[in-house]
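Encoded as structure tokens, the structure appears first; notes follow it.
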Amino acid sequence: MTPRHPISKSSIKARQSSKRQNNPNEPKVSQQPSQSLIEPGLYIIASPIGNLGDITLRAIETLKSSNLIACEDTRITRRLLSHYNINIPTTAYHEHNANTALPRLIKRLKNNEIVSLISDAGTPLISDPGYRLVQAAIAEDILITTTPGPVAAIAALTLSGLPTDSFFFAGFLPPKQTAKKNRIYQLANVPSTLIFYESPRRLSQTLKEMANIYGNRPAALVREISKKFEEVRRGTIGELSNELNALGQPRGEIVLLIGPPTPEKIIDNSEIDAELIKALAEMSLRDAVEKISLSFGMPKRQIYRRALEITSLDETEL
Ligand code: SAM
């Protein structure tokens with residue numbers, strides 16, 4: 001596939017200056033400086049996660065050159081835009097209005113307009129709206145590019161002191177207790193630093209759950225990055241959990257990071273299988289699931305699923 005180069009300044013400049021020469025009587029429109037430099041398409045704009053200064057020059061230029069800025073919350077983005085004196089029309093684009101807003105944005109993009117997508121903070125699509133819009137733009141062969149910048153997960157990782165060579169961004173955990181616990185289990189063997197977005201309200205419960213399942217793995221709580229009360233707490237999951245209990249619910253925005261499991265902490269599925277097979281031979285499926293989930297501290301549903309898989313295999317496959 002030939003890569004589409006999104007911004008070929010020299011060719012676009014040349015095109016535009018020859019246009020101007022062809023139209024000497026064209027009225028002079030007061031344009032922002034970059035307007036002639038960028039091609040129509042969808043621009044994913046990263047914005048600050050706290051400090052308004054954390055936006056790139058190219059992001060500002062691109063916003064100024066846009067025909068329309070699609071924002072998660074227009075009121076929040078307006079603050080950023082007025083700080084940089086950007087006076088471009090905005091429209092709301094979020095989960096709840098995507099069904100109507102998305103076709104309108106695609107129509108404008110197909111009309112060769114420059115549409116920027118921005119979220120309340122950080123990079124759109126990262127635990128923020130935009131995925132469906134990007135999918136739709138790809139399907140329509142619309143140019144998509146980005147002005148990259150802040151992501152809370154990455155900023156937190158660099159502050160955490162935990163291994164950065166391999167990391168797994170897990171976003172927000174499910175709100176319901178059982179689904180949350182299952183997700184924590186699912187990630188137990190990922191051999192990487194785990195990165196979660198978490199609300200201060202749920203943090204204490206989440207740490208308790210993680211201490212039960214992940215044991216004493218190193219962890220970090222990174223709070224209010226780039227803001228006045230930026231703070232990093234490092235320790236084992238248990239230590240952080242105790243500190244939090246003593247200090248009470250923290251304020252602000254938080255990223256929780258968990259260091260990778262040591263090899264001996266990796267839950268060995270073959271060991272679980274061996275015990276499960278033995279139990280299935282001795283008792284009912286229900287009792288076997290109960291026994292194994294208790295002895296390995298694993299969710300019953302997960303053991304039940306594995307028991308069904310095992311009982312449907314013939315002996316040569318085991
Ligand atoms: N799109 C954003 C990004 O690129 O990071 C994330 C948006 S998500 C809706 C919001 C979550 O990101 C917060 O609940 C928090 O976990 C994390 N976050 C955002 N800003 C933060 C900051 N300044 N300090 C710590 N965490 C932050």
Side-chain angles (χ1 to χ4, degrees), residues 42-56 58-59 62-63 69-77 79-81 83 92-98 116-135 144-162 164 167-175 180 183-184 187 193-207 209-210 219-234 237 240 243-244 247 249-258:
L42 176 62
Y43 287 73
I44 311 294
I45 310 281
S47 64
I49 54 169
N51 188 317
L52 280 187
D54 295 336
I55 184 162
T56 67
R58 205 160 71 81
T62 305
L63 288 167
I69 301 173
C71 328
E72 188 182 0
D73 183 331
T74 51
R75 287 161 307 177
I76 292 178
T77 298
R79 264 179 251 150
L80 178 75
L81 298 182
H83 185 81
Y93 177 77
H94 45 72
E95 251 174 53
H96 306 292
N97 77 348
S116 286
L117 174 71
I118 191 162
S119 58
D120 291 351
T123 300
L125 283 86
I126 306 301
S127 295
D128 265 343
Y131 175 74
R132 283 173 62 191
L133 180 61
V134 167
Q135 289 285 306
I144 309 169
T145 185
T146 180
T147 63
V151 182
I154 301 297
L157 178 66
T158 61
L159 298 178
S160 67
L162 296 170
T164 54
F167 54 88
F168 185 100
F169 174 62
F172 287 100
L173 285 163
K180 177 170 156 182
R183 181 71 178 141
I184 295 174
L187 299 173
T193 295
L194 301 176
I195 309 178
F196 298 91
Y197 287 164
E198 186 53 300
S199 90
R201 203 168 30 83
R202 299 173 356 136
L203 187 61
S204 163
Q205 181 57 35
T206 301
L207 281 173
E209 212 65 88
M210 287 183 173
L221 278 175
V222 186
R223 198 171 69 83
E224 296 285 271
I225 302 163
S226 75
K227 302 187 204 174
K228 190 172 173 196
F229 296 106
E230 178 178 299
E231 174 187 69
V232 185
R233 287 180 179 274
R234 305 179 184 90
I237 304 176
L240 292 180
E243 268 181 37
L244 205 69
L247 293 169
Q249 183 177 304
R251 287 172 179 226
E253 298 193 279
I254 288 170
V255 183
L256 167 62
L257 303 99
I258 308 291

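Note that ligands are numbered from 1 as they come in the structure, with each ligand's atoms numbered from 1 the same way. Sequence positions, counted from 1, serve as the residue numbers for this chain. These numbers come from a predicted model, not from an experiment.
Residue contacts with ligand 1: G50 is excluded, as none of its non-hydrogen atoms falls under 4.0 Å. The closest approach between F196 and ligand 1 stays at or above 4.0 Å for every heavy atom of the residue.
Between A152 and ligand 1, a contact under 3.5 Å exists for at least one N or O pair. The shortest N/O to N/O separation between I225 and ligand 1 falls below 3.5 Å.
Of the protein's non-hydrogen atoms, the one nearest atom 14 (O) of ligand 1 is F172 CZ, 3.5 Å. A121 O, 3.2 Å is the protein heavy atom nearest to atom 2 (C) of ligand 1. The nearest heavy-atom contact from the protein to atom 7 (C) of ligand 1 is D128 OD2, 3.4 Å. Counting only heavy atoms of the protein, atom 4 (O) of ligand 1 lies nearest to T123 N, 2.8 Å. Shortest contact from atom 15 (C) of ligand 1 to any protein heavy atom: I254 O, 3.4 Å. Of all protein heavy atoms, the one closest to atom 13 (C) of ligand 1 is E253 OE2, 3.5 Å. When only non-hydrogen protein atoms are considered, atom 23 (N) of ligand 1 lies nearest to I49 O, 2.8 Å. The protein heavy-atom contact nearest to atom 5 (O) of ligand 1 is Y197 OH, 2.6 Å.
Counting only heavy atoms from C-beta outward, the side chains of I76 and C71 never approach each other to under 4.5 Å. A heavy-atom distance below 4.5 Å is not found between the side chains of E230 and R223. Side-chain atoms of T123 and T146, non-hydrogen and from C-beta on, never get closer than 4.5 Å to each other. Looking only at side-chain heavy atoms (C-beta outward), L63 and I69 come within less than 4.5 Å of each other.
At a heavy-atom cutoff of 4.0 Å, ligand 1 is contacted by no atom of P124, backbone or side chain. Within the 4.0 Å heavy-atom criterion, the part of E198 lying near ligand 1 is the backbone and not the side chain.
Annotation: Q249, atom CD; neighbour count of heavy atoms from other residues, nucleotides and ligands within 6.0 Å is above 12.
At a threshold of 4.0 Å, the pair R233-E243 counts as salt-bridged, since one of the basic side-chain nitrogens sits closer than that to a carboxylate oxygen. Contact check on E198 versus R202 returns a salt bridge, with a Lys/Arg side-chain nitrogen under 4.0 Å from an Asp/Glu carboxylate oxygen.
Which parts of ligand 1 touch K227 is read off a 4.0 Å heavy-atom cut-off, strictly below it: atoms 23 (N).
T206 approaches L256 most closely through the heavy-atom pair CG2-CD2, 4.1 Å. Between R58 and T147, the shortest heavy-atom distance links the atoms NH2-CA, 3.8 Å.
Side chain of S127 to main chain of G171: no donor-acceptor pair is present (N/O by atom type, distance under 3.5 Å, no hydrogens or angles).
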